[in-house]
Amino acid sequence: MKKSLLLLLFSLFLSSILVACSDDSDTSSSTDESGDDAPSETNSGDGSEDAFDISIMTTSHSPEPPGNDSPVVEAIGEFTNTNLDITFVPNSNYDERFNITLASGDLPSLILTGKTSSFINAVHDGAFWDLTDYLDDYENLSQMNDIVLNNISIDGRIYGIYRSRPLGRMAVSIRQDWLDNLGLETPTTIDEFYDVMYAFTHDDPDGNGQDDTLGTIVSEYEGPWDIMQTWFGVPNKWGIADDGSLYPHFQDPNYRDALDFFKKMYDEGLVNEDFAVMDPAKWHDAFVNGEAGTIVDVVDAASRNQDQMIDADPSLEGAVDVFGTVEGPNGLFNLPTSGYNMMYAISKQAVETEEELHKVLQFMDDMSTEEGQTLAFNGIEGRHYEMEDGVYTPTTDQSLIYEHEDTNQLLTFVPEDRYLEKPLQELEEKEEEVLEANEEIVVGNPAEPFVSEIYSRQGEQLDNIILDAKIQYIVGQIDEAGLDEAEELWMNSGGKEYIEEINELYQATQ
């Protein structure tokens, strides 16, 4: 019995030595050459770290959005070292589904949202991460545009990663063949723009011997007026006074100068007299059909309109050109878009810790790389597209297209587009140049981050007062005294309180 007991004790002693040796071996294998402990996990994407679970709710535009077993979704997961659970919701009822999901409290890691009142209320309730102090840590996310960040911000803080859209998208499509026929150059100033519109209206630019052309075409959509008034130096919704306070754009002195120019256009017949009631759906038809020589809208309208013109008459190849803006009395300005189409917010309910937050942000940053954008936008080479002599050729097999058609909804396109495209036409290349140049001169709205309770209740009424007065002045139904009366009505209909509220919000962030 004594011998047995001694053998047992010896065995236990030997086992403890072996365990200790094993622990020492494990410790030294996890120590780098400098002697410091290496991280227990890495983010190399080579499989050395367990894949991280990320759930996403986003929109779909195709009738058959990809499932989580799509080879593209799986490839994205492998590239980002994540297990993706994506819920695609038809775009037609996305807003309703978003509000239902928000009310349920069962939120995914990432959810696509607009800057809606329900999202803003959820932000105030602490449902989403404030990302302001984290974005600079990421190569791509740190390059988001300051104007767009201002546009998506809430009370000066960032709660989402926006899906980028061209900021300097506003431009003028112009009939280059008409310019050539009349021996004119592309206008570079407001005065030259007027001269070209006058010639397009009165000097038979199409050479058919008939008085059947206009300088420009406008519909009841007020966008062209807003774009052109920016040329004069009118602020984008709100201006900043010398004392640092904000004032509504129509109180800027340049606003009346812009309206005088529009009235002159109307009085001289350079614009269609029925613009106030013209259906926006038919707006571009007059340009395509050769009735108007310019159209003030988005830059990519130029190539779309030219394509339609060429379909009807191949001889019109090269008949259209595009330019971004003209110089006004105060310099070069362009009205921006919002610069984004919705944004991805990160739920605090699904993403509980900063460590998990960084993994989600890393996923979004990875998706902005060339490989991430190509996977989500173009799919997998050899299955969804081919590269032949450096030229991208997508598949025409609809079943394969469905495998990746909606995965591009995951992309933010920050800081730029990096996916594969077909070669651009000459006019499309010009459009890209205009987009880039416009971004240097766009006019931001300093009040964009602020949520006004007054505007949420009375905004439509206030906007209509100013818009109606603008149209009435252009067509000669009211004079400057009528503009003064409209401004007074605006102030007495909640505008005065609106200005005070916006300034309180603005000063709190300065």
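By the side chain to side chain donor-acceptor pair (under 3.5 Å) test, Y402 pairs with no residue at all, sequence neighbours left out. Take Y506 and apply the ring-ring contact (aromatic ring centres under 6.0 Å, His included) test, not counting sequence neighbours, and it matches no residue. Shown here are the side chain to side chain donor-acceptor pair (under 3.5 Å) partners of S368, two or more places apart in sequence or in another chain: T412. T188 pairs by the side chain to side chain donor-acceptor pair (under 3.5 Å) definition with E192, not counting sequence neighbours. Residues passing the side chain to side chain donor-acceptor pair (under 3.5 Å) test with T82 are T80, sequence neighbours excluded.
A donor-acceptor pair is defined here as one N or O able to donate and one able to accept, closer than 3.5 Å; such a pair exists between the side chain of D365 and the backbone of L141.
Residue pairs that meet the side chain to side chain donor-acceptor pair (under 3.5 Å) test with at least one member in residues 247-261, sequence neighbours left out, are Y247-D252, Q251-E487, D252-N254, N254-N330, R256-E480, R256-D484, D260-Y473. Here ring-ring contact (aromatic ring centres under 6.0 Å, His included) pairs that include residues 143-169, with residues two or more places apart or in two chains, number zero. For the salt bridge (charged side-chain N to carboxylate O under 4.0 Å, His left out) condition, the pairs that include at least one residue of residues 223-243, sequence neighbours left out, are D226-K470. Residue pairs meeting the side chain to side chain donor-acceptor pair (under 3.5 Å) criterion with at least one member in residues 494-504, sequence neighbours excluded: S452-E501. Sorted by first and then second residue, the salt bridge (charged side-chain N to carboxylate O under 4.0 Å, His left out) pairs with a member in residues 90-105 form an empty list; sequence neighbours excluded. Under the ring-ring contact (aromatic ring centres under 6.0 Å, His included) criterion, no residue pair touches residues 323-356, with sequence neighbours excluded. Applying the salt bridge (charged side-chain N to carboxylate O under 4.0 Å, His left out) rule to pairs touching residues 139-168 yields D130-R157, D133-R157, sequence neighbours excluded.
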Residues F128, L107; criterion side-chain contact (heavy atoms from CB on, under 4.5 Å); working and verdict: CA-CA 10 Å; F128 296 99; L107 298 174; 4.0 Å; yes
Worked check of side-chain contact (heavy atoms from CB on, under 4.5 Å) between E49 and K359: CA-CA 12 Å; E49 177 190 353; K359 290 182 178 180; 3.3 Å; yes
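No hydrogens or angles considered: nothing links the side chains of N305 and R175 as a donor-acceptor pair under 3.5 Å.
Rounding to the nearest 0.5 angstrom, the gap separating the CE atom in M342 from the CZ atom in F98 is 7.5 Å.
Outside the 6.0 Å centre-distance limit, the rings of F261 and W231 are not counted as a close aromatic pair.
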